[in-house]
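Note sheet for the following structure.
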Protein chains: 2
Amino acid sequence: MVVDQLRDSELDRLFQALADSTRRDIVRRVTVGEYTVSGLAALYAMSFAAVQKHVAVLERASLVSKEKRGREQIVRGDHEGLLKARRLLDEYEQIWRQRAARMADILTEG
Amino acid sequence: MVVDQLRDSELDRLFQALADSTRRDIVRRVTVGEYTVSGLAALYAMSFAAVQKHVAVLERASLVSKEKRGREQIVRGDHEGLLKARRLLDEYEQIWRQRAARMADILTEG
DNA sequence: CTGATCTACAACCATTTGGTTGCACGATAG
DNA sequence: CTATCGTGCAACCAAATGGTTGTAGATCAG
């Protein structure tokens, strides 16, 4: 269904966003404290534009949100994305547990 | 350190592998039951080779393992990859909780 | 033995990704 | 007002991704 397709691309963006160590590092940092985009850029051995793009990717994945303050843009962690990713992995974990239970049933049946 | 770099590329591969809905579907299915590679290929509107590549990506991410049986290759879910991904998200969740606690402290201090 | 089936892999192609430089524009400082 | 700063975006490039077709090696069926 269409809903699933939307959810799919949302998850695609999410895991895609997490599949880069610079972006994972940004997520960590902005969850602990606040950073401007250039404040983040100063941390990595790459151009400002590259970091700005990373932040944009994280924002589209709801892992980060920005708030304009004067000419600066404050980057903060956004819990929503993390929750969605966790929910999927929890679901998979649940499937594993059911599988384990089924195998136990087979071993003890009859 | 070097260890972190290895861990980084491992996580890159993991989340990258999860960032595709076909691959997520495969993970689900092979956790519930067993499939051959061509058994999986029959489920999707793409070539056998494409599905075989997806399985290879999942295997390198430790989300799936294969076992040769005759001329077939049985694909099963591998719990290891999932655990690693979950561990990272749990870590992030932990950071969020600490942040929440810190904010509560600030509100109640003095 | 012969033919069909299952798998892996190479070569190719279009698109996306992760980086770069350069530019434009709003906000701030002097 | 002017110069600087912070940001976003476009254009470009190399490499990776996700798909294709074709080929070749094992294994199984008859």
Side-chain angles (χ1 to χ4, degrees), chain A residues 5 8-30 33-76 78 81, chain B residues 5-6 8-27 29-30 33-76 78 81:
Chain A
Q5 285 173 10
D8 271 357
S9 62
E10 198 182 336
L11 289 171
D12 286 356
R13 262 180 283 135
L14 242 172
F15 286 111
Q16 173 85 6
L18 288 169
D20 180 285
S21 65
T22 300
R23 286 197 292 260
R24 287 195 300 272
D25 193 63
I26 292 177
V27 168
R28 276 179 179 282
R29 289 181 184 270
V30 301
E34 292 183 355
Y35 286 81
T36 64
V37 179
S38 48
L40 286 170
L43 299 170
Y44 308 101
M46 64 184 76
S47 69
F48 169 85
V51 174
Q52 190 260 334
K53 276 205 219 172
H54 279 311
V55 173
V57 169
L58 290 170
E59 196 179 14
R60 276 187 302 127
S62 300
L63 284 165
V64 138
S65 68
K66 288 187 301 188
E67 185 195 342
K68 200 164 182 174
R69 189 150 75 198
R71 68 183 154 185
E72 299 180 331
Q73 197 88 247
I74 307 297
V75 184
R76 297 200 185 81
D78 183 348
Chain B
Q5 285 173 10
L6 288 176
D8 272 356
S9 61
E10 199 182 337
L11 289 171
D12 287 357
R13 261 179 283 135
L14 242 172
F15 287 110
Q16 174 83 6
L18 288 169
D20 180 284
S21 65
T22 301
R23 287 197 293 262
R24 287 194 300 273
D25 193 62
I26 293 177
V27 168
R29 290 180 183 271
V30 301
E34 293 183 355
Y35 286 81
T36 63
V37 179
S38 47
L40 286 170
L43 300 170
Y44 308 102
M46 65 184 77
S47 69
F48 169 85
V51 174
Q52 190 260 333
K53 277 205 219 173
H54 280 310
V55 172
V57 169
L58 290 170
E59 196 180 15
R60 277 187 300 127
S62 299
L63 284 164
V64 138
S65 69
K66 287 187 303 188
E67 185 195 343
K68 200 165 182 172
R69 189 150 75 197
R71 69 182 152 184
E72 299 180 331
Q73 198 88 246
I74 307 297
V75 184
R76 296 200 185 81
D78 183 347

At under 4.0 Å between heavy atoms, what does [X] touch on the DNA or RNA strands: base, sugar-phosphate, or nothing?
| X | result |
| --- | --- |
| B:A56 | nothing |
| B:S47 | base |
| A:T22 | nothing |
| A:E72 | sugar-phosphate |

Rounded to whole Å, how long is the line connecting atom [atom1] of [X] with atom [atom2] of [N]?
| X | N | atom1 | atom2 | result |
| --- | --- | --- | --- | --- |
| A:Q52 | C:dC25 | CD | C1' | 14 Å |
| B:E59 | C:dT7 | CD | C1' | 12 Å |
| B:D20 | C:dT17 | CG | P | 12 Å |
| A:R71 | C:dA27 | CZ | P | 11 Å |
| B:H54 | C:dC9 | NE2 | P | 16 Å |
| A:I74 | C:dA27 | CD1 | C1' | 14 Å |
| B:R69 | C:dT5 | CZ | C1' | 16 Å |
| A:F48 | C:dA24 | CZ | C1' | 13 Å |

> On DNA chain C, nearest-nucleotide positions of B:G39 versus A:R23: which is more 5'?
Replying inline: B:G39
> Which residue lies toward the 5' end of DNA chain C, B:T36 or B:K53, if each is placed at its nearest nucleotide?
Replying inline: B:T36
> For DNA chain D, which nucleotides open and close the run of contacts to chain B, 5' to 3', at under 4.0 angstrom from a non-hydrogen atom?
Replying inline: D:dT17 to D:dC28
>> If you assign B:Q16 and B:V51 each to the DNA chain D nucleotide with the nearest heavy atom, which residue ends up on the more 5' nucleotide?
In response: B:Q16
> Hey, which of these two, A:Q73 or B:M46, hits DNA chain D nearer its 5' end, going by closest nucleotide?
Replying inline: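 Per heavy-atom nearest nucleotide, the more 5' residue is A:Q73.
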Atom pair [atom1]/[atom2] of [X] and [Y] - distance to nearest 0.5 Å:
| X | Y | atom1 | atom2 | answer |
| --- | --- | --- | --- | --- |
| A:E72 | A:S38 | CD | OG | 6.5 Å |
| A:L18 | B:D12 | CG | CG | 10.5 Å |
| B:R60 | B:R13 | CZ | CZ | 7.0 Å |

Can you find a heavy atom in the side chain of [X] that is under 4.5 Å from one in the side chain of [Y]?
| X | Y | answer |
| --- | --- | --- |
| B:L40 | B:H54 | no |
| A:R24 | B:D8 | yes |
| A:L43 | A:R29 | yes |

> Looking only at side-chain N and O atoms, does B:K66 come under 4.0 Å of OP1 or OP2 in C:dA8?
Replying inline: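 Checking C:dA8 against B:K66, a side-chain N or O does come within under 4.0 Å of OP1 or OP2.
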> Do you know the tightest heavy-atom contact between B:A17 and B:L63?
Replying inline: CB-CD1, 3.9 Å
